[in-house]
Amino acid sequence: MAANYWESTQRRFWQFSKDELAQMRDELEKSDQNLVQMFPLPRRTHLNIYFNQQIGRLSKRLNVKQQAVATAQLYIKRFYSKVEIRRTNPYLVLTTALYLACKMEECPQHIRMFVTEARSLWPDLLHLEVSRIGECEFFLISEMNSQLIVHQPYRTLTSLQSDFNLNQDEFNLALSVINDHYMTDLPLLYPPHVIALTAILLCLVLRPNTMTGGNAAANIATLTSTLTQAQQTRPGAGGSGQNTPGVSERDKQQEARVTKVQRFAAFLAESNVDIEGMIDCTQELISFYECHEQYNDKISREQVNRFIKARGLDKH
């Protein structure tokens, strides 16, 4: 068992570049071209949103803690990087991933509870028995090569809360950004601490009501400017840098925010954190919030349910 991320199987085997991830997915689709053409799916971000909503519904019924939900979401991403989704019943995979994650995060619940609640949630799409979860659990563990320990960004966020003097609203906003990033590819692309620092940056520089607004280009420019200035003030970077983050603040609360941003930028400048990675994470998250506005639950649900029923995956 790896005590830290740098020695973990997560870093060694489950962190990919964008090109590697795209190639893996392309090869999966090529191996099942007939299925892919026969059953079109929502764009990947919308599919992730739909799965997130479904696993959220199940976790609320079972009162599962957020860390286990996050681990389950990462299991699902890993599994579907190896297995073509149309060959599975996603509702069974979601249920099993949450059941397995609860065991790994030391908050286990009886398998029959998962069977009961999943049957109740998806009665027409999941003919579920205890044995099916057991079989699917073995399938998941096998595809993940028994590499089940997950390092999450939550620990970094909690440990840095006092360092950056985050108030409760800022902490909660950063927490929600971390929760949201599981609906993107970021957990497979970047280390947890980079995600956590990006979430802190978002909560300090952007107001909550601008996170999902239609001003993505301005948001990205503001955040990128803050990161670039931090990068330029690093020793040997050759830039003079500026302390102001480029956003106008008028009242005392906003002035305090500027001070926090300056402290955060100074921290980045003195660290060896991957700022280029943070810039990419920022762009991915802002793009995700833009994409979320076009999400249609009915269309996503129908496209998923169509291949499940057409292929008889709801029966066995």
**Asked** After noting the C-alpha distance and the side-chain angles of Trp14 and His151, does the key distance pass the ring-ring contact (aromatic ring centres under 6.0 Å, His included) rule?
**Response** CA-CA 11 Å; Trp14 294 104; His151 295 263; over 10 Å; no
So, do [X] and [Y] sit near enough that their side-chain heavy atoms are less than 4.5 Å apart?
X	Y	result
Asp163	Phe267	no
Leu204	Arg263	no
Val304	Leu47	yes
Pro192	Gln152	no
Arg311	Leu35	yes
Met104	Ile149	yes
Asp314	Asp124	no
Leu157	Gln161	no

Looking only at atom types and distance, does a side-chain atom of [X] sit under 3.5 Å from a main-chain N or O of [Y], one as donor and one as acceptor?
X	Y	answer
Asn89	Ile308	no
Asn52	Asn48	no
Glu27	Met24	no
Gln109	Leu62	yes
Ser120	Glu117	no
Glu20	Ser17	yes
Ser59	Gly56	yes
Arg132	Leu126	no
Ser31	Leu28	yes
Arg86	Met38	no

Might you point out which heavy atoms bring [X] and [Y] nearest each other, and give the distance in Å?
X	Y	value
Lys65	Cys107	CE-SG, 3.8 Å
Ala118	Thr95	CB-OG1, 3.6 Å
Gln303	Leu41	OE1-C, 3.7 Å
Val194	Cys281	CG1-SG, 4.0 Å
Leu74	Pro187	CD1-CB, 3.6 Å
Pro42	Ser300	CG-CA, 3.7 Å

Give a yes or no on whether [X] atom [atom1] has more than 12 heavy-atom contacts from other residues, nucleotides or ligands under 6.0 Å away.
X	atom1	value
Lys60	NZ	no
Arg61	CZ	yes
Glu106	CD	no

**Prompt:** For the side-chain contact (heavy atoms from CB on, under 4.5 Å) test, which of Leu186, Leu188, Asp180 pairs with Thr184?
**Reply:** Leu186
In Å and rounded to the nearest 0.5 Å, what is the [atom1] to [atom2] distance from [X] to [Y]?
X	Y	atom1	atom2	value
Thr198	Gln283	OG1	CD	11.0 Å
Leu285	Glu290	CG	CD	12.5 Å
Leu175	Ile200	CG	CD1	11.0 Å
Leu160	Leu197	CG	CG	6.0 Å
Leu98	Gln73	CG	CD	9.5 Å
Ile178	Leu173	CD1	CG	10.5 Å

Do [X] and [Y] belong together in a cluster built from hydrophobic side chains that touch within less than 4.5 Å?
X	Y	answer
Val93	Phe138	no
Val36	Leu21	no
Ile299	Phe307	no

**Message:** Over 60° means perpendicular and under 30° means parallel, so tell me whether His193 and Trp6 are parallel, tilted or perpendicular.
**Reply:** tilted
Between the side chains of [Y] and [X], is the shortest nitrogen-to-carboxylate-oxygen separation below 4.0 Å, so that they form an ion pair?
X	Y	result
Glu84	Lys30	no
Arg87	Asp32	yes
Arg306	Glu302	no

**Request:** List the steps and the verdict of side chain to side chain contact (heavy atoms under 4.5 Å, CB included) for Leu140 and Glu137.
**Result:** CA-CA 5 Å; Leu140 259 69; Glu137 181 183 16; 5.8 Å; no
Would you tell me whether [X] and [Y] have side-chain atoms, one donor and one acceptor, within less than 3.5 Å of each other?
X	Y	result
Gln54	Arg57	yes
Asn179	Tyr154	yes
Asp19	Gln23	no

**Pairs involving residues 24-59, ordered by first then second residue, that meet ring-ring contact (aromatic ring centres under 6.0 Å, His included) (sequence neighbours left out)** = His46-Tyr295
**Message:** For residues 61-99, which residue pairs pass the ring-ring contact (aromatic ring centres under 6.0 Å, His included) check, not counting sequence neighbours?
**Reply:** Phe79-Phe139, Tyr91-Trp122, Tyr99-Phe114
**Message:** Pair Glu105, Val64 - check side chain to side chain contact (heavy atoms under 4.5 Å, CB included), show working.
**Reply:** CA-CA 10 Å; Glu105 296 295 344; Val64 175; over 6 Å; no
**Message:** Checking Glu284 against Leu189 for the side chain to side chain contact (heavy atoms under 4.5 Å, CB included) test, could you report, in this order, the C-alpha distance in whole Å, the side-chain angles of both residues, the deciding distance, and whether it holds?
**Reply:** CA-CA 11 Å; Glu284 289 288 328; Leu189 299 173; 5.6 Å; no
**Prompt:** What's the verdict on side chain to side chain contact (heavy atoms under 4.5 Å, CB included) for Ile286 and Leu202, showing C-alpha distance, side-chain angles and the deciding distance?
**Reply:** CA-CA 9 Å; Ile286 296 296; Leu202 282 163; 4.1 Å; yes
**Request:** Apply salt bridge (Lys or Arg N to Asp or Glu O under 4.0 Å) to the pair Lys18 and Asp280, showing each step before the final yes or no.
**Result:** CA-CA 11 Å; Lys18 287 186 178 181; Asp280 190 48; 3.0 Å; yes
**Request:** Apply salt bridge (charged side-chain N to carboxylate O under 4.0 Å, His left out) to Arg12 and list each qualifying residue two or more places apart in sequence or on a separate chain.
**Result:** none
